[in-house]
Amino acid sequence: MSAVKETKKTITITIDGKEIQAEYGKSILQIARENGIYIPTMCYLTKVEPIASCRMCVVEVEGVDGFVLSCQEKAVDGAKITTNSQALFRERQNIMKLYDVNHPLECGVCDKSGECDLQNKTLEFEVDEQDFTAKEMHRPVQNWGFISYDPSLCILCEKCVRVCNEIVGSEQLQISVGGYKSTIVNTKPDNDCVSCGECMAVCPVGALVSSDFKYSSNAWELEKIPSACAMCSAGCQLYYEVKHTSIDNPEPKIYRVTNEFEFSNLCGAGRFGFDFENKTAFKDSRKLEEAIKAFKKADTIAFSSYISNEEALLLSKIAKKVGAKLVCSDSYGLSRFLKAYSSVSGKMLWDGTLEDIATSDVIISFGGKIAQDAPMVKNHIAMASKRNKARVIYMHPIEDYTIQNLVTRFIKYEAGSEEGVLAMLLEFLTRDKELDSKIKAFIDELDIGYLSAESSVSEEEIESLKLDFWKRKRFSLIIGSDIFNHERVENIAKIIALIEKYTNFKLIVIPPASNSLGVSLICDLEKEKEGFVVGVNAPGDFTLSSLGDGDFDLPAFNQIEGTITTINKQVVPLNVALPYDGYILNDIAKELGVGSDLTIDLTKELPKEKGFESIEFDELSPNAFSVHGEDLRGYKLRNVTVEVNFELEEVADLESFDGTIVYCVNPSQNPNPFTNKSHLLQSKATLIGSKQFATAAKINDGDRVEFEMDGKKVTRVFRIDTSLKGTIALNPIFDMGLSAFWVSSYRFKKVNINKVGSGDE
Amino acid sequence: MSEKKRVGVQNYRFIELEPTPTTAWGKFKRVLKRSVKLELFVGLKVTFREMFKALFMGEMHTVKYPLEKLPISPRYRAIHEMKRLLESGHYRCIGCGLCEKICISDCIRMDTRYDENQRKEVVEYTINFGRCIFCGYCAEVCPELAITHGGRYETASEQRASFSLFEDMLTPIDKLKEQKEYPGFGAISPNADENIKKTPLAY
Ligand code: SF4
Ligand code: SF4
Ligand code: SF4
Ligand code: SF4
Ligand code: SF4
């Protein structure tokens, strides 16, 4: 194991007569759980700091008067601990009696019945009558977006408040203390929270439930299918919960999505956008013929990152066979980035993980609208902010008011000036470092004054980072996806690699779309498409689509077996939740002579030289976590060593971005056309800008506007958002179907906005 | 063993039977003797008496099935009934799904939803009587005394699987007054009141 672990002091304690060796610094409860010793809890949630509101976890420690809270108390060497005695049982029984006072007897209809902690512990501690009482009062059910809160079922364990603050960073929920009147309050009911449903997931009772799922099925009727969310590169663990649609319709349907909430999280897209399956498909041999013909004459196979590793490998094989180019617009930037990055760093991938972000005390987030692009990264920033009071430096052209509470310093730079800003950062961070002469020359040549003026990041702003770094130890640098389609991505990648190499910053790069990392590693991508284009989840002359709107149907992510590669450089498996009746890519590959028996036979064939392992699909766990919540799903990519060989180019003159600019970004709950197919998340895309933008573009709130983006005309209703500033408007692309995957240029676009009408007509 | 069985300790007595005639003449004499005693008419008299009673005094001993049916024990387990609340007339079933879960032939299915009054509504409920084995578990597990067995025992149908829907089993609203509690498997015990402990109330 790692060097850090070895230096940790080991202690020996006795729990229930069993001698146990453990690491110093852990709580009694953690040690007990590691060793399979049961201590009942009601409010303990592994992924947050101990809440200590329920007192169920009490234990006896020899030589200590009274009971000790095992979730908070660190074990000391030689401690003798009893987890169960008559006195402890009575104590816990009394706690359960209090929880049960006036608790509605509605298990019969409650969604939580069958998996309810209150139900279980009431039985375990043999509470079968109510000895005390309190005056009952009217507590109406409240609806918060997708979530419904029933205060009379709430046991005030505080788990929801904690996850919303400590994990999600939304600070939406609070406990209003008032004895028996206490309830959970939504502090900002008008301001939509991010609707992640984390609060609902951790609620141990039926107080917080999904209003969509409510009363539609009992927990025990649903079959849990372990899989991963592939709606962004985080690849979060989830369960699709499936049952027949209705009495008349035996077809399976996904009723809800749940997860291993003790250890991991989901955002709203994963939790509520689950019904994006391709329903229309059936086996049409004529279509198969057509598809084969199309592939045979293809000059280019264009695809998006919304495919599995195995499908990506299949496409490579097909491309080789038919002699076509592979073009993937949403991964091409990342593959260029990786090549340039490796040439400097000497390794294929970055070292940092989401967990590293959560344990940092200084975080720089650069070049991405994190809260929308990568909700899990934002969650880990929130954890760092709440647990370690981390300094969060957010560098982007657009200030994000939704994470104001997490960001300690916002540094605004001009759109397009990423290269210059990173060069300034490199200069600042490596001042007292021994540098290679080549790099030294590069830095010496930088005209900081010019860069500062062009990017409008003042030298003082960069200098003031010193204050943020003072006495801090763990640093993370998060790179967002703005840079991948920047013309200068190669040089940018090299500068980033240098920062990683010469400083103690851990680097985390956010892959721009679901399986971009997998695609970049598996396929040799080219930039321009030419000739006859076959599109796979991307527009083409012949289109294969999981959205169901192409010439040939493909299964969606909840209908396939396969793996994806996540931001944590982990290969995680997806399982089939819903049947798919049509032909799949492998059927075409088989006809072309490059297919395999099953698509998942390719899992063990993924390229070893890129760090993949030769492991059978069936051996990959979709839901393994260690007792402390370490993610053990699938496997981690090996970080392959590569040759160092690079030339740095001078920072290019900055192209100025003035006038009206739109920035392509989707809301976190609706990140792509798949989630926009789901019945809960489906929404209308509007262009959102500040008053200043409206003035500059000469448009008003509610106007219907038109502009050109990558050669395509886009029409949108425009809305003013008063919390925004500046002349950059936010343009969602989730409603553009497959062409959303074809937005291949830099995310900031200079556009001419023309008013073409008003309202939705 | 045999001593302990006490066989033959009672006072058995042999009946005196006439020896069975062996010759043809002997047999003829016995027939003659029995006929002349008119034993036949004793039997006929009983028959005519019962016929008279049945035809003219309404004391029929057989039923004209299927025009008539015998009353069946209230505890008999035949086709299910869904009961209503006596006061409001609303169906009793709360859609808890316990019957669906416990059913060992897996023949109960139900669809529920969140209704406009924020309650759980039973949208549809079926029992597949091709599979039901009339074990009565559903009636026993039901916390609301909502599902019970009824007396409709004729389950022959044109198809192996015949379904009953919620409406078919539900007490018709105009027959609410005639709805009877089921005394069988799963009913509350007659002394239930004595066993109830009151929850303290603060008002
Ligand atoms: S929260 Fe638990 S105990 Fe309360 S009604 Fe629901 S299932 Fe029953
Ligand atoms: S709503 Fe649920 S999670 Fe929140 S305090 Fe109440 S019981 Fe706990
Ligand atoms: S849905 Fe997420 S953001 Fe909203 S209150 Fe719950 S935990 Fe907080
Ligand atoms: S969209 Fe991304 S962050 Fe959200 S649940 Fe899915 S994988 Fe996780
Ligand atoms: S057990 Fe009774 S209340 Fe529950 S669903 Fe069945 S019939 Fe309805």
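Lettering follows sequence order; numbering is per chain, from 1.
In this structure, the portion of A:Asp131 lying under 4.5 Å from any heavy atom of chain B is its backbone and not its side chain.
Considering all non-hydrogen atoms of both residues, B:Ile94 and A:Val109 come closest at O-CG1, 3.3 Å. What you find for B:Tyr125 and A:Ile247 is that their closest heavy atoms are N-CD1, 3.9 Å. Contact between B:Cys96 and A:Asn218 at its shortest, heavy atoms only, is O-ND2, 2.8 Å. Residues A:Gln130 and B:Pro200 share a closest heavy-atom pair of O-CD, 3.1 Å.
Within 6.0 Å of CZ on A:Phe132 lie more than 12 heavy atoms contributed by other residues, nucleotides or ligands. Surrounding NZ of B:Lys180 are at most 12 heavy atoms belonging to other residues, nucleotides or ligands under 6.0 Å away. More than 12 heavy atoms of other residues, nucleotides or ligands sit less than 6.0 Å from atom CD of B:Glu59. Counting non-hydrogen atoms of other residues, nucleotides and ligands closer than 6.0 Å to CD1 of B:Ile15 gives a total of 12 or fewer. In the displayed structure, B:Phe48 atom CZ is contacted under 6.0 Å by at most 12 heavy atoms of other residues, nucleotides or ligands. Enclosure of atom OH in A:Tyr99 by more than 12 non-hydrogen atoms of other residues, nucleotides or ligands within 6.0 angstrom is indicated.
The line from OG of A:Ser246 to CZ of B:Arg113 is 14.0 Å long, rounded to the nearest 0.5 Å. Here A:Ser216 contributes atom OG and B:Tyr114 contributes atom OH; the two are 12.0 Å apart, rounded to the nearest 0.5 Å. Going from atom CZ of B:Arg109 over to atom CG of A:Asp248 covers 10.0 Å, rounded to the nearest 0.5 Å. Note that the CZ atom of B:Arg119 and the OH atom of A:Tyr215 stand 8.5 Å from one another [nearest 0.5 Å]. Interatomic distance, A:Asp150 CG to B:Gln118 CD, rounded to the nearest 0.5 Å: 8.5 Å.
For the side chain to side chain donor-acceptor pair (under 3.5 Å) test, residues two or more places apart in sequence or in another chain that qualify with A:Glu260 are A:Tyr239. Not counting sequence neighbours, the partners of A:Ser217 by the side-chain contact (heavy atoms from CB on, under 4.5 Å) test are A:Phe213, A:Glu221, A:Leu222, A:Lys243, A:Tyr255.
Contact count versus chain A (heavy atoms, under 4.5 Å) is highest, among B:Val123, B:Asp111, B:Thr126, for B:Asp111. When B:Glu121, B:Lys197, B:Lys198 are compared by the number of non-hydrogen pairs under 4.5 Å with chain A, B:Lys197 comes out ahead.
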